[in-house]
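In the text below, chain A, chain B and the rest are named by the order of the sequence lines, each starting its count at 1.
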Amino acid sequence: MSLDILVCVKRVPAPGAKVPLTEDGRDIDTRHLGFTIGPHEECAVEEAVRLVDKHGGSATVLAAGPPEVAEQVRYALAMGANQGVVVDTGEDELDPQATAAAIVHAVGELDTSFDLIMVGNESADAGHYQVGVRVATELGRPVVGGIKGIDVLDGSVRLRRDVGSATEVYELPLPAVVAVKEGLNLPRYPSLPGRLKAKKAQLRTVSYRPEPGGLRKIRLRQPEDNRAESVLLGHGAAAAPAVVDVLEELGVC
Amino acid sequence: MLILAVKVDEHPAWADAVGVARGLTDDVHAVVFDASAVDELPKQGIRVAHVVEHEVLGDYAPEAYGEALAQLVKQVQPSAVVAPGSEKGNEVLAHLAARAGLPLAANCTQVGGTGRPWQLTRIRGGGMLLEDAELDASCGLFTVQPGAGPSNGTAPVDAVDVHRFTPELAAELARTRVVDRAEREAGVSLATAEVVVSGGRGVGSADGYKTLEELAELLGGAVGCSRVATNNGWRPHSDQVGLTGTKIAPKLYIACGISGATQHWVGCMDAKAILAVNTDPEAPMMTRSTYSVVGDLHEVLPAVIDEIRARGRVDQASG
Amino acid sequence: MTNTLSAQLPDSADVVVIGAGIVGNSVAYHLAEEGWRNIVLLDKGPLPDPGGSTGHASNFIFPVDHSKEITMLTLDSMRQYEKFGTLTTCGGIEVARKPERVEELKRRMASAKAWGIDSELITPERVAELVPFVDQSILLAGFCTPSCAVVDPLQTGALMREHAQQLGALTVSANTEVLGFDVVDGRVRGVRTDKGDIATETVVISCGVWSPRIARMAGARIPLTPAVHQMIDVGPIPELAETHTEIAYPIVRDMDALMYERQSGADLEIGSYAHRPILHEPDEIPSIEEAALSPTQLPFTEDDFDPQMEDALELFGSILNTEGAGVRHAINGLLSLTPDGSPLLGETPEVRGLWSAAAVWIKEGPGVGRMLAQWMTHGHSEIDLHGADISRFYPHQRVPAHVRARTAEGFNKTYGIVHPREQWSSQREQRLSPFYSREKALGAEFFEVAGWERPQWYESNRPLVEEYGVQDRPHEWDARWWSPIINAEHLAMRERAAMIDLSAFAQFDVSGPGAVDYLQRLCVANVDRPVGRLIYTPLLDVAGGFRSDLTIVRLGPDKFRVITGGADGARDRKWFLDHLPESVSFADVTSSVCTLGLWGPRARDILSAATDDDVSNEGFPYGTAKEIVVGGVPVLALRVSYVGDLGWELHAPFEQGARLWDAIAEAGEPHGLIPAGIGVYGTTGRLEKGYRLMGAELEAEYDPVEAGLALPKVKSADFIGKEAYVAARESDPAALLCTLTVDDHTSSDGIARFPQGGEPILTRDGRRIVDRKGRGSYVTSAGAGPSLGKYLLMAYLPPEHAVEGTKLQVEYMGEQYPVTVARVGRKPLFDPDDARMKA
């Protein structure tokens with residue numbers, strides 16, 4: 001069966017070893033940071049492209065946020081997605097209710113009625129763990145999270161989720177929403193021709209200012225690092241006896 | 001003030017959720033989907049349990065769980081609902097939040113106040129940052145970050161007052177229920193191993209992990225890796241430690257050739273001890289570790305393995 | 001960490017090197033080799049990769065550059081990388097897509113021959129044989145250098161540190177941040193760090209893109225801008241992966257697309273100099289913790305690179321389109337750009353003891369370290385570094401706005417086709433002589449030197465072209481930044497007279513009881529001459545090579561005026577100040593003096609019409625100076641000439657310059673006086689007279705004997721370089737500076753071509769000419785001799801070829817042109833007895 005798939009991605013900063021904050025502590029200081037889409041969502045895009053390759057149909061990528069989210073939409077297009085949608089919600093970070101409302105609004109604006117909507121299990125920066133569920137609920141569709149395997153059957157999807165030492169299987173009727181996790185696949189790097197195609201692609205822009213929800217960010221903080229200074233056990237192979245002393249002390253050998 | 005603490009599965013963070021709830025009120029009720037779970041509650045000092053029963057709830061079914069909770073909340077009118085910040089705890093409370101039209105704060109480390117608004121602190125990016133926030137709602141929904149609950153125990157109670165609750169659930173809510181379950185291949189699980197020997201960019205190749213596997217086996221531990229290794233195809237994603245991989249809390253985490261980017265650090269920072277091996281003494285993982293060895297892991301690990309074997313022989317000889 | 005690579009810092013050190021990239025490591029290593037001990041090498045970042053540009057550079061080396069200095073530094077560096085076993089030869093090809101680039105590749109061939117590097121021009125088919133993945137159909141030619149290589153600068157740096165440590169000479173301290181300097185009376189006394197303070201008299205700043213920030217802490221400016229160079233890696237590509245090696249194919253520089261492609265394991269690395277200049281501030285570079293990759297690997301800005309992707313796909317489509325190959329790595333890498341593109345080496349002019357080793361590429365790093373260590377130890381280096389000397393910049397060239405504007409303009413020239421006379425378009429009109437408005441009104445074509453706007457020629461003189469029947473140059477390249485008016489101005493000067501704006505001279509007044517001794521110590525010529533005498537003199541370094549050449553006027557018993565070229569003024573100023581004793585005062589009067597040259601057979605008629613003073617040959621003999629009044633303006637007049645005709649340099653108060661100009665112009669009108677440009681002064685007039693130019697003929701690698709500038713006698717007073725100078729006089733020179741004439745200019749296309757300088761001189765059978773010191777013969781200056789009716793070249797030739805009448809050839813744009821040695825030594829071809837000047 002042919003599938004029309006919508007993948008929702010989020011523009012998130014790509015930090016180094018320390019996440020710098022703005023002076024007022026409201027946001028991450030992104031002056032020196034690049035932006036990316038989270039690993040879960042990268043897998044979602046990859047999976048959508050593969051499913052469309054296999055079953056036919058289309059893969060549409062959507063991102064909500066400031067106009068700069070176009071960069072992430074184009075990245076997904078470079079990976080092989082077919083259409084891009086920018087939901088311009090302005091500069092301020094949205095709470096999860098507002099994000100879901102913006103996505104639901106944009107889905108209503110688009111002509112395609114998507115068989116499958118894919119989201120990341122949680123965003124790499126805020127980690128609210130709820131946008132996909134809210135979107136699905138609003139659209140009246142089934143949704144399951146934590147998915148690391150997708151098989152499309154006739155009119156349904158069979159999903160696999162690792163829980164502890166077991167794998168759970170779900171079977172959702174289409175249309176459905178799936179929240180996926182990294183490990184679903186190994187995403188490709190965008191090819192040069194893909195990048196060029198993505199650069200030229202026409203993006204659909206939907207502007208929408210959703211009502212704020214009930215969770216209000218006050219400020220961000222660095223977690224305290226209470227660890228003591230590292231104890232240097234030595235250099236190279238000569239450190240082995242000291243290492244094994246520690247292993248014995250910890251009772252692991 | 002009544003707070004409902006929802007037990008979704010066997011995740012230990014349930015105790016953290018109860019602890020956080022009890023920090024706000026003495027009136028904490030448990031909500032369970034499995035009647036047998038009631039037996040454990042007296043030990044946790046819980047006097048009232050709502051046992052949710054319906055045929056759709058025969059196995060884990062997040063949509064139905066959420067709908068059932070929405071109906072229960074409507075009936076008992078709690079001030080807040082808390083659940084463990086586990087994958088399923090977050091999922092079920094997200095369904096409750098969506099169905100009830102309420103805000104939800106996931107992975108909280110602290111909740112304060114009496115509502116309208118609640119003051120809370122939650123983690124972001126798996127623990128890269130803390131967020132102070134307010135939550136303004138008729139009923140506060142929170143999941144609690146594993147380990148965030150108070151460490152002091154609670155006096156047990158003698159008996160639990162069990163309230164049975166049977167929601168009205170449409171048959172179609174069974175559509176997201178688990179239909180099959182399979183055990184995955186055995187071996188020491190990364191998530192529960194006492195020792196994890198993990199490798200990153202410095203390992204250099206898929207073959208390079210042989211030494212790590214050998215050491216892990218000697219120590220009865222599991223092998224882990226960083227995202228670089230997964231992306232290079234050196235290790236399966238199931239070995240990945242980090243924000244989007246597995247978050248672990250072993251007794252000892254041995255990080256070999258891993259620089260320690262934030263996304264990795266949040267996956268291993270709960271380890272009791274960390275031993276870092278790296279050629280760069282100032283790599284973040286080296287400075288944040290408990291113990292460090294400056295050097296090439298391909299020289300250090302074989303020497304450690306030899307040393308363990310040598311001592312083992314000595315022990316046998318002397319024993 | 002309780003214990004790291006960082007050793008305890010000593011309280012004092014003989015030298016502190018800040019920055020442990022390839023440059024800092026190399027400086028520390030070579031200082032140790034030179035015998036320095038107690039060297040401290042610091043870096044804010046960790047080792048072996050502290051996070052600077054060394055850690056992300058593409059690490060390939062193309063040895064051929066049009067600049068001899070850069071090429072020599074590169075060749076020295078390649079020898080060092082090879083010695084450390086960190087060099088892999090892979091070959092490299094610069095490819096041409098456009099006809100102009102084919103010409104440029106021919107010019108590169110000439111440079112390769114001049115500097116003695118094996119290269120060849122190859123066909124597109126041959127390019128495709130060497131690199132099977134290129135689309136040869138879009139190529140016109142290739143310039144192949146088999147010795148091109150990739151190197152490992154991090155490993156090299158580690159080996160250098162190790163070696164210096166084994167000598168017991170080096171303390172290395174990583175993760176050590178410099179917080180400030182102790183500077184007392186303009187001299188560095190110590191370095192303050194977060195790990196303690198170190199007392200030291202010598203500091204080297206080799207901090208790459210951070211250098212300006214560190215230098216500012218000491219009160220010095222290192223004029224560079226951190227700028228982005230975009231790089232991406234595309235892979236995996238099976239054809240590359242199967243080689244199982246880092247690099248198996250030659251590196252390709254796609255010159256017309258301003259980019260390069262090289263194999264890096266299974267990936268093709270693509271780097272670009274085509275995108276818009278993306279400049280950063282040294283203070284705004286993120287810290288190691290804040291940066292996702294490293295402080296000098298900033299987030300990739302995709303939009304800037306997109307056009308290059310199309311170019312890359314065009315040339316390398318066959319492998320870049322491979323299924324499964326994607327962009328695996330993409331960065332905006334930071335590198336250091338300078339206003340003129342050259343490195344920043346040497347002691348800073350602001351702070352004694354504070355040395356700069358910045359804006360150095362991987363290809364030059366080890367060589368720069370070796371030369372700087374020689375310089376710090378002995379006061380000079382084997383390779384003449386005048387083009388890289390940090391003291392070459394005047395104050396206005398060190399301000400951030402200038403640095404940013406010129407680096408922005410220069411960035412896209414990295415792979416550009418840059419004409420040797422090409423002028424900058426940004427930051428012009430920085431220094432204007434008082435004659436400027438008059439010159440502009442006359443249609444002057446301004447060229448810049450040291451920020452000064454100087455007329456190169458005047459459009460107002462265009463009618464002279466027809467009058468004197470001057471031919472234009474038929475080839476656009478030869479005629480670019482040139483005009484036949486120059487030759488016409490020259491002929492009019494020889495016949496009548498010309499006035500030339502020389503205000504760009506740098507001028508110093510040296511006075512006090514020690515002035516004679518001071519200047520004796522610096523100059524080869526005896527300066528203890530009667531008051532009023534002009535003294536032309538070379539200045540040498542300790543090894544006897546040229547440091548400068550200039551004119552000194554004895555104004556009084558203890559007072560001298562030093563007049564030197566604008567291009568070298570800032571370097572000379574530092575040289576003079578470095579040797580200044582307390583008993584001598586030094587004043588830079590450049591900005592208070594303007595200079596107008598007046599030369600030609602009618603010069604005396606003109607000057608005498610404008611002055612009441614005696615300017616007759618008896619009253620004002622050649623080689624003397626006198627205060628006279630010209631048009632009411634007090635003028636220091638010098639009876640001297642660089643163009644070979646009767647006349648004077650007239651030095652006037654700057655603010656009275658316009659009056660002086662008008663007075664001379666008015667007096668000159670009846671005599672047919674014309675304004676003439678620097679094209680005459682610097683090239684045609686000079687070459688006809690065989691006068692040598694600092695930076696062209698004169699440089700540290702040649703001595704006065706070879707240059708034909710040895711004086712008849714060696715003065716008894718001691719001077720810098722005397723020992724070497726005496727030795728040179730007593731031995732046979734390895735080369736002699738000669739003037740050659742071009743016998744036939746006709747190219748294979750049947751048009752006349754004119755070499756521009758830098759070309760190799762070959763034997764008639766096409767062999768390179770190399771002297772016994774290993775120095776190849778090349779054209780140091782080229783230009784017309786309109787009065788001789790010949791086109792002139794200067795070149796050093798070994799004695800066997802330095803024989804008048806010897807037939808040789810010059811290679812220009814891929815063709816050979818016959819030349820004849822017309823003169824050996826300094827005797828002019830035009831007016832050999834200087835009768836005109838002395839008239």
(request) Have a look at A:V180 and tell me which of A:I150, A:V45, A:V7 forms a side-chain contact (heavy atoms from CB on, under 4.5 Å) with it. (result) A:I150
(message) If you apply the rule salt bridge (charged side-chain N to carboxylate O under 4.0 Å, His left out), what do you find for B:E87 with A:K181, and how did you get there?
(response) CA-CA 11 Å; B:E87 184 174 300; A:K181 289 180 77 169; 2.9 Å; yes
(request) Could you have a look at B:G245, B:G295, B:A303 and say which one has the most heavy-atom pairs with chain A under 4.5 angstrom? (result) B:A303
(request) Return yes if a side-chain donor-acceptor contact under 3.5 Å exists between B:D296 and B:T279, otherwise no. (result) no
(message) Assess, by modelled atom type and distance only, whether the side chains of A:Y170 and B:R177 contain a donor and an acceptor separated by less than 3.5 Å.
(response) no
(message) Under a 4.0 Å threshold between the charged nitrogen and the carboxylate oxygen, would B:D132 count as salt-bridged to A:K217?
(response) no
(request) List the steps and the verdict of salt bridge (charged side-chain N to carboxylate O under 4.0 Å, His left out) for B:R311 and A:E248. (result) CA-CA 11 Å; B:R311 291 195 193 184; A:E248 287 176 350; 3.1 Å; yes
(request) Indicate whether the side chain of A:E182 and that of B:H237 have a donor and an acceptor atom separated by less than 3.5 Å. (result) yes
(message) Please identify, among A:A166, A:G213, A:P96, A:A176, the residue contributing the most non-hydrogen atom pairs under 4.5 Å to chain B.
(response) A:A166
(message) For the residue pair A:T22 / A:D29, report whether a side-chain donor-acceptor contact shorter than 3.5 Å exists.
(response) no
(request) For chain A, find which of B:R227, B:Q263, B:H11 contributes the most heavy-atom pairs closer than 4.5 angstrom. (result) B:R227
(request) Check whether B:A97 gets within reach of chain A through its side chain, its backbone, both or neither, counting any heavy atom under 4.5 Å. (result) both
(request) Answer yes or no: is there a side-chain heavy-atom contact under 4.5 Å between B:L129 and A:Q222? (result) yes
(message) Among A:P142, A:A237, A:A239, A:G183, which residue has the highest count of heavy-atom pairs closer than 4.5 Å to chain B?
(response) A:P142
(request) Please look at A:R188 and chain B and tell me whether the side chain, the backbone, both or neither of the residue comes under 4.5 angstrom of a heavy atom of that chain. (result) neither
(message) Using side-chain heavy atoms (C-beta onward) and a distance below 4.5 Å, is A:K148 in contact with A:R160?
(response) no
(message) For chain A, which candidate among B:L173, B:L275, B:N231 shows the most heavy-atom pairs at distances under 4.5 Å?
(response) B:N231
(message) Out of A:T167, A:N121, A:T137, return the one with the most heavy atom pairs under 4.5 angstrom to chain B.
(response) A:T167
(request) Answer yes or no: is there a side-chain heavy-atom contact under 4.5 Å between A:T89 and A:P210? (result) yes
(message) Given heavy-atom pairs under 4.5 angstrom as the criterion, report whether the side chain, backbone, both or neither of A:V244 touches chain B.
(response) both
(request) Quick one: which of B:E63, B:K272, B:K251, B:K88 has the most heavy-atom pairs under 4.5 Å with chain A, could you say? (result) B:K88
(request) Give, as side chain, backbone, both or neither, the part of B:P236 having an atom under 4.5 angstrom from any heavy atom of chain A. (result) neither
(request) Name the member of A:V252, A:L184, A:I218, A:V163 that forms the most heavy-atom pairs with chain B at distances under 4.5 Å. (result) A:I218
(message) Which atoms of A:E249 are under 4.5 Å from chain B, going by heavy atoms: the side chain, the backbone, both sets, or neither?
(response) side chain
(message) With a 4.5 angstrom heavy-atom cut-off, is it the side chain or the backbone of A:L159 that approaches chain B, or both, or neither?
(response) neither
(request) May I have the step-by-step check of salt bridge (charged side-chain N to carboxylate O under 4.0 Å, His left out) for A:R26 and A:E93, ending in yes or no? (result) CA-CA 10 Å; A:R26 295 268 311 161; A:E93 184 181 343; over 6 Å; no
(message) We want to know whether B:T121 and B:T109 form a side-chain donor-acceptor pair, criterion being a heavy-atom distance below 3.5 angstrom.
(response) no
(message) Can you confirm whether more than 12 heavy atoms, excluding those of A:E224, are under 6.0 Å from its CD atom?
(response) no
(request) Among A:R158, A:E138, A:E171, single out the residue with the greatest number of heavy-atom pairs under 4.5 Å to chain B. (result) A:E171
(request) Mind ranking B:L135, B:T290, B:L93, B:V300 by heavy-atom pairs under 4.5 Å with chain A and telling me who comes out on top? (result) B:T290
(message) Shorter than 4.5 Å, heavy atoms on both sides: which option in A:P15, A:G145, A:G234 has the most such pairs with chain B?
(response) A:G234
(request) Give the C-alpha distance, both sets of side-chain angles, the deciding distance and a yes or no for salt bridge (charged side-chain N to carboxylate O under 4.0 Å, His left out) between A:D24 and A:R219. (result) CA-CA 8 Å; A:D24 65 6; A:R219 65 171 187 140; over 6 Å; no
(message) Among B:V293, B:L301, B:V277, which residue satisfies the side-chain contact (heavy atoms from CB on, under 4.5 Å) criterion with A:V243?
(response) B:V293
(request) Before giving the answer on side-chain contact (heavy atoms from CB on, under 4.5 Å), spell out for B:Y253 and B:V197 the whole-Å C-alpha distance, their side-chain angles and the decisive distance to 0.1 Å. (result) CA-CA 6 Å; B:Y253 184 63; B:V197 184; over 6 Å; no
(request) Can you check whether anything in residues 122-136 of chain A gets within less than 4.5 Å of chain B, heavy-atom wise, and list it by number? (result) A:E122, A:A124, A:D125, A:A126, A:G127, A:H128, A:Y129, A:Q130, A:V133, A:R134
(request) Could you look at B:E10 and say if it's the side chain, the backbone, both or neither that has a heavy atom under 4.5 Å from chain A? (result) neither
(request) Could you list which of residues 31-40 of chain A have a heavy atom closer than 4.5 Å to any heavy atom of chain B, in residue-number order? (result) A:P39, A:H40
(request) Name the region of B:L104, side chain, backbone, both or neither, that has any atom closer than 4.5 Å to a heavy atom of chain A. (result) both
(request) Go through the side-chain N and O atoms of B:S289 and A:S230 and say whether any donor and acceptor fall under 3.5 Å apart. (result) yes
(request) Please flag which part of A:L186 lies under 4.5 Å from any non-hydrogen atom of chain B: side chain, backbone, both or neither. (result) side chain
(message) Counting only heavy atoms from other residues, nucleotides and ligands, does the tally under 6.0 Å from CG of B:D59 exceed 12?
(response) yes
(message) Counting heavy-atom pairs under 4.5 Å with chain A, which one of B:M128, B:E299, B:M285 comes out on top?
(response) B:M128
(message) Checking side-chain polar atoms at under 3.5 Å, does A:N185 have a donor or acceptor matched by the opposite partner on A:E47?
(response) yes
